[in-house]
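Nothing here was measured: the structure is a model prediction, and the numbers come from that model.
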Amino acid sequence: MNAAPDLNTSPRNEFQHRHAAHCESGVMANLLSHHGLALSEAMAFGLASALAFAYIPFVKLGGLPLIAYRMPPKAIIKGLSKRLGLRMRFETFRSPAAGQARLDALLAQGRPVGLQTSVFWLPYFPEDMRFHFNAHNLLVYGKDGGAYRISDPVFETPVSCAAADLQKARFAKGALAPKGLLYFPERPPATVDLAPLALNAIRRNAKAMLAPFPLVGCKGIAYMAKRIAQLKAGEHEAESLRFIGHVVRMQEEIGTGGAGFRFLYASFLQEAAELTGRAELSVASRELTAIGDHWREFALAAALMVRGRKPFAPAALAESLKGIAEAERGLFGGLAKLA
Amino acid sequence: MRIEDVPQEGNDTLGGLRKAQYAVDENGQYRLVTSAGWEVEQTVTRQALDHLEHLAAEARDRALRGEASPLEYHMYRRRMDLALLAQTTGLFQWRIRRHFDARRFAGLGPALLERYAEALGLNPAELSRLD
């Protein structure tokens, strides 16, 4: 339970907040950078092989299927830890009081602490963005009286949150309940050569995108295209449009960096190209940028239909997604064979 | 996406929050830029909120007519559905559904009311009101 001594002896440097596209990769990049391993958000995301696609019809959110463009929550923290050989400590709590006491004790040691929280109970979030999503990540780096100083990576600047509100967010119940989860590195990250790690992470991610299961990766995108093709204009149209809108929300709302993480991953591929001197990764980055632009065109077309500015045309949307699935299959087919 | 194509038209649902977005500069180099918001996102976020507000308004009407308890209204107003309220309170869905009945709800004891109030972030007195 005690702090690792090597972390305690390191000088207390002021915590640096950096804005990020995604909460989990942002938290990990900022946390590791604080402990001396300078890492961009894109590098944290890429090294964790976090890009994905999944269409899970039997898990419902407000009656709509679960659609994800990245690996499940905590996959970035765990994937990155494995790849970098970090020792992260995770703690959950039965009692909210114990959870708060532990957080305060860690802050008193001068450590920034990662937390999993609900979005709904965080008052600093825009009112219209407060949905019941329980796998948000943020860093706490200080406490002033009754309020915590928080580095929430999806915000431009640090924010403040009253202790009672943060407690409610940490101990929210329901799917993916955080149970007060907090995490921090037990020892400072070792300096590592990122180039070979990046290549391994890319191959692994490409293989996952090509997985032979109908609901995930490129096949999952093609499957979603088929489901959309089955919708009919004029028949249960409000319901169909709610489904289409849901697809776009999961793709574009806060936390994706645009085009369902495709631009974030393209940025990682570019950084990996510089790191390894492998020109084919620059090419892959440009290809993925173009694919991301297609995702954005799909989102725009769908939104026009949701607003009634264009007639509902499920076949056209499905066609667009089929093209994207095909393009991603080509790209990741190449990356999986990366020497 | 190029930096000049990053949407800056604003998005009411972000309440002034600016998002981080990855885009390429004139040399093809990726940069993190801030976006004031995209109309597309506003459309789909608004659509999801409108749906929940619609469900809440319907539940409120039912409660005003005495056909339902205020519980269902508060559930939707808190952006929950039956499945989520069940997980949050630890009660079975069928049991909660019974409490959507105005008469049964009026007879609830303080312990259950407290449980609902806690899950919804309200105080027990607010739970019986319709504002």
Next item on the list: Considering only heavy atoms and a distance below 4.5 Å, find which of Glu252(A), Arg286(A), Arg296(A) pairs most often with chain B.
Entry: Arg296(A)

Item checked: Glu39(B) portion near chain A, given a 4.5 angstrom heavy-atom threshold -> side chain

Next item on the list: Could you tell me which of Arg79(B), Gln42(B), Gln29(B), His51(B) has the largest number of non-hydrogen atom pairs under 4.5 Å with chain A?
Entry: Arg79(B)

Next item on the list: Measure across Lys19(B) and His19(A) and return the closest heavy-atom pair with its distance rounded to 0.1 Å.
Entry: C-CE1, 3.7 Å

Item checked: Contacting region of Leu14(B) [heavy-atom separation from chain A under 4.5 Å] -> both

Notebook entry, point to check: Below 4.5 Å, heavy atoms only, C-beta onward: do Asp128(A) and Arg46(B) meet side chain to side chain?
Noted result: yes

Margin query: Let's test your reading of the structure: which of Asp81(B), Thr89(B), Thr45(B) forms the most heavy-atom pairs below 4.5 Å with chain A?
Written below: Thr45(B)

Check: Gly174(A), Ser267(A), Ala303(A): which one forms the most heavy-atom pairs within less than 4.5 Å of chain B?
Finding: Ser267(A)

Margin query: Among Ala20(A), Gly292(A), Ala290(A), which residue has the highest count of heavy-atom pairs closer than 4.5 Å to chain B?
Written below: Ala20(A)

Check: Quick one: does Thr88(B)'s side chain get under 4.5 Å of His132(A)'s, heavy atoms only?
Finding: no

Check: Nearest heavy-atom pair of Trp121(A) and Ala119(B): which atoms, and what distance?
Finding: CZ2-O, 3.7 Å

Notebook entry, point to check: Which residues from residues 151-160 of chain A are near chain B, with near meaning under 4.5 Å between non-hydrogen atoms?
Noted result: Val154(A), Phe155(A), Glu156(A)

Notebook entry, point to check: Does the side chain of Lys168(A) come within less than 4.5 Å of Glu118(B)'s, by heavy atoms?
Noted result: yes

Check: Does Phe131(A) reach the side chain of Leu52(B), with side-chain heavy atoms less than 4.5 Å apart?
Finding: yes

Next item on the list: Identify the heavy atoms of Gln270(A) and Tyr30(B) that sit nearest to each other, and give their distance.
Entry: OE1-N, 2.7 Å

Check: If you round to the nearest 0.5 Å, how far is CZ of Arg18(A) from CG of Leu32(B)?
Finding: 9.5 Å

Notebook entry, point to check: What is the distance from atom CG of Leu176(A) to atom CD of Gln87(B), rounded to the nearest 0.5 Å?
Noted result: 9.0 Å

Notebook entry, point to check: Would you call Phe120(A) and Met80(B) a side-chain contact if the rule is heavy atoms closer than 4.5 Å?
Noted result: no

Check: More than 12 foreign heavy atoms under 6.0 Å from CZ of Arg103(B): is that the case here?
Finding: no

Note to self: Under a 4.5 Å cutoff for heavy-atom pairs, which residue among Arg78(B), Gln47(B), Glu41(B) has the most contacts with chain A?
What the structure shows: Gln47(B)

Note to self: Does atom CD (Glu239(A)) have a neighbourhood of more than 12 heavy atoms from anything else shown, all under 6.0 Å?
What the structure shows: no

Notebook entry, point to check: Taking every heavy-atom pair that is under 4.5 Å apart, which of Gly63(A), Ser282(A), Gly245(A) has the most such pairs with chain B?
Noted result: Gly245(A)

Note to self: Taking side chain as everything from C-beta outward and backbone as N, CA, C, O, which of these in Leu82(B) sits under 4.5 Å from a heavy atom of chain A? Side chain, backbone, both or neither.
What the structure shows: neither

Checklist line | Flag if over 12 foreign heavy atoms under 6.0 Å of NZ, Lys310(A) | finding: no

Check: Which of the residues Ala42(A), Ser285(A), Ala266(A) is involved in the greatest number of heavy-atom pairs with chain B at under 4.5 angstrom?
Finding: Ala266(A)

Item checked: Point-to-point distance, once rounded to the nearest 0.5 Å, from CE of Met129(A) to OG1 of Thr13(B) -> 3.5 Å

Next item on the list: Sort Gln21(B) into side chain, backbone, both or neither according to what part of it lies under 4.5 angstrom from a heavy atom of chain A.
Entry: both

Note to self: Counting only heavy atoms not in Glu274(A) (residues, nucleotides, ligands), do more than 12 fall under 6.0 Å from its CD?
What the structure shows: yes

